[in-house]
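Beneath this line is the structure, given in structure tokens, with notes to follow.
Since the model is a prediction, treat every value here as computed from it, not as a measurement.
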Amino acid sequence: MTIFLVLSFVRWDGADGAIYHIVVGSACTLFFAIHIFIHRKWIKAVTKSCFAGKLIKALRGKYIVDILLLVVWGISITTGFIAIAPFFSDGASTIGRVHGLTARIGLGLVVIHVIQHIPN
């Protein structure tokens, strides 16, 4: 997933570059969905612990980063697909900017996420 994420930031000119970005971004989206599915039990258990006030300090930072990742990538993925929709032409530049901004924030959060897992 990380490889596809990094590849999605590679700039290519022309229509071939757009197709490349769409394919790589779609693959990254698929891997993100699979990753969330695989870890769904952990997400559910930690969320319950968080709302019950039983979440240990060591997991709080990881949980906050994970929730931010879920929100930021959700926005980035959604705006990415909206920006390429055939009926969306006038606002594509604004949507594209939101997509680019959230993608960069998401990449930074992924770096933090990976660093948090180094001790494990």
Side-chain angles (χ1 to χ4, degrees):
M1 181 169 56
T2 305
I3 292 168
F4 279 97
L5 178 63
V6 171
L7 288 174
S8 71
F9 280 89
V10 174
R11 294 264 182 197
W12 293 66
D13 292 330
D16 289 342
I19 292 169
Y20 165 83
H21 184 75
I22 291 167
V23 169
V24 171
S26 296
C28 192
T29 299
L30 177 65
F31 288 127
F32 175 72
I34 291 169
H35 184 77
I36 295 300
F37 179 77
I38 290 170
H39 293 87
R40 70 189 182 283
K41 290 180 183 178
W42 182 88
I43 294 168
K44 186 177 178 181
V46 173
T47 301
K48 281 184 178 181
S49 295
C50 182
F51 286 107
K54 300 177 184 176
L55 191 62
I56 60 173
K57 284 186 178 183
L59 288 179
R60 285 184 192 154
K62 289 180 182 179
Y63 184 72
I64 290 168
V65 170
D66 288 347
I67 293 301
L68 287 172
L69 269 169
L70 191 61
V71 170
V72 167
W73 282 127
I75 294 168
S76 183
I77 290 165
T78 302
T79 55
F81 283 114
I82 290 172
I84 63 169
F87 57 84
F88 217 97
S89 58
D90 292 341
S93 61
T94 301
I95 294 294
R97 283 193 295 264
V98 171
H99 175 67
L101 176 64
T102 55
R104 285 168 181 80
I105 292 169
L107 183 61
L109 288 169
V110 166
V111 169
I112 293 169
H113 179 81
V114 170
I115 289 170
Q116 287 176 327
H117 285 285
I118 287 174
N120 297 338

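Val114 and Val6 fall into different hydrophobic clusters, defined by Ile, Leu, Val, Met, Phe, Trp and Tyr side-chain heavy atoms under 4.5 Å apart, directly or through other members. No continuous path of ILVMFWY side-chain contacts below 4.5 Å connects Leu30 to Phe37, so the two sit in separate hydrophobic clusters.
Checked against side-chain contact (heavy atoms from CB on, under 4.5 Å), Leu107 has the following partners two or more places apart in sequence or in another chain: Leu5, Phe9. Listed by chain and number, the residues in a side-chain contact (heavy atoms from CB on, under 4.5 Å) with Ile38 are Ile34 (sequence neighbours excluded). Every residue two or more places apart in sequence or in another chain that forms a side chain to side chain donor-acceptor pair (under 3.5 Å) with Thr47 is listed here: Tyr63. Every side-chain contact (heavy atoms from CB on, under 4.5 Å) that Ile22 has, sequence neighbours left out, goes to Ser26, Ile84. The ring pair (Phe, Tyr, Trp, His ring centres under 6.0 Å) search around Phe81 returns none, not counting sequence neighbours. By the side-chain contact (heavy atoms from CB on, under 4.5 Å) test, Leu70 is found to be paired with Phe32, Ile36, residues two or more places apart in sequence or in another chain being considered.
Taking CD1 of Ile95 as the start and OG1 of Thr79 as the end, the distance is 6.5 Å to the nearest 0.5 Å. Taking CD1 of Ile56 as the start and OG of Ser49 as the end, the distance is 9.0 Å to the nearest 0.5 Å. His117 NE2 to Ile112 CD1: the interatomic distance, rounded to the nearest 0.5 Å, is 12.0 Å. Taking CD1 of Ile75 as the reference point, atom CD1 of Ile105 lies at 8.5 Å (rounded to 0.5 Å). Atoms NZ and NZ, on Lys48 and Lys54 in that order, are 10.5 Å from each other to the nearest 0.5 Å.
The aromatic rings of His35 and His39 sit tilted, their planes meeting at an angle between 30° and 60°.
Put simply, the side chain of Thr102 gets close to the backbone of His99: a donor and an acceptor are under 3.5 Å apart.
Shown here for Leu109 and Val65, the closest heavy-atom pair between the two residues is O-CG1, 3.8 Å. Between Leu55 and Leu59, the shortest heavy-atom contact is CD1-CB, 3.8 Å.
More than 12 heavy-atom neighbours from other residues, nucleotides or ligands sit within 6.0 angstrom of CD1 on Ile67.
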Evaluation steps, side chain to side chain contact (heavy atoms under 4.5 Å, CB included), between Tyr20 and Val10: CA-CA 9 Å; Tyr20 165 83; Val10 174; 3.9 Å; yes
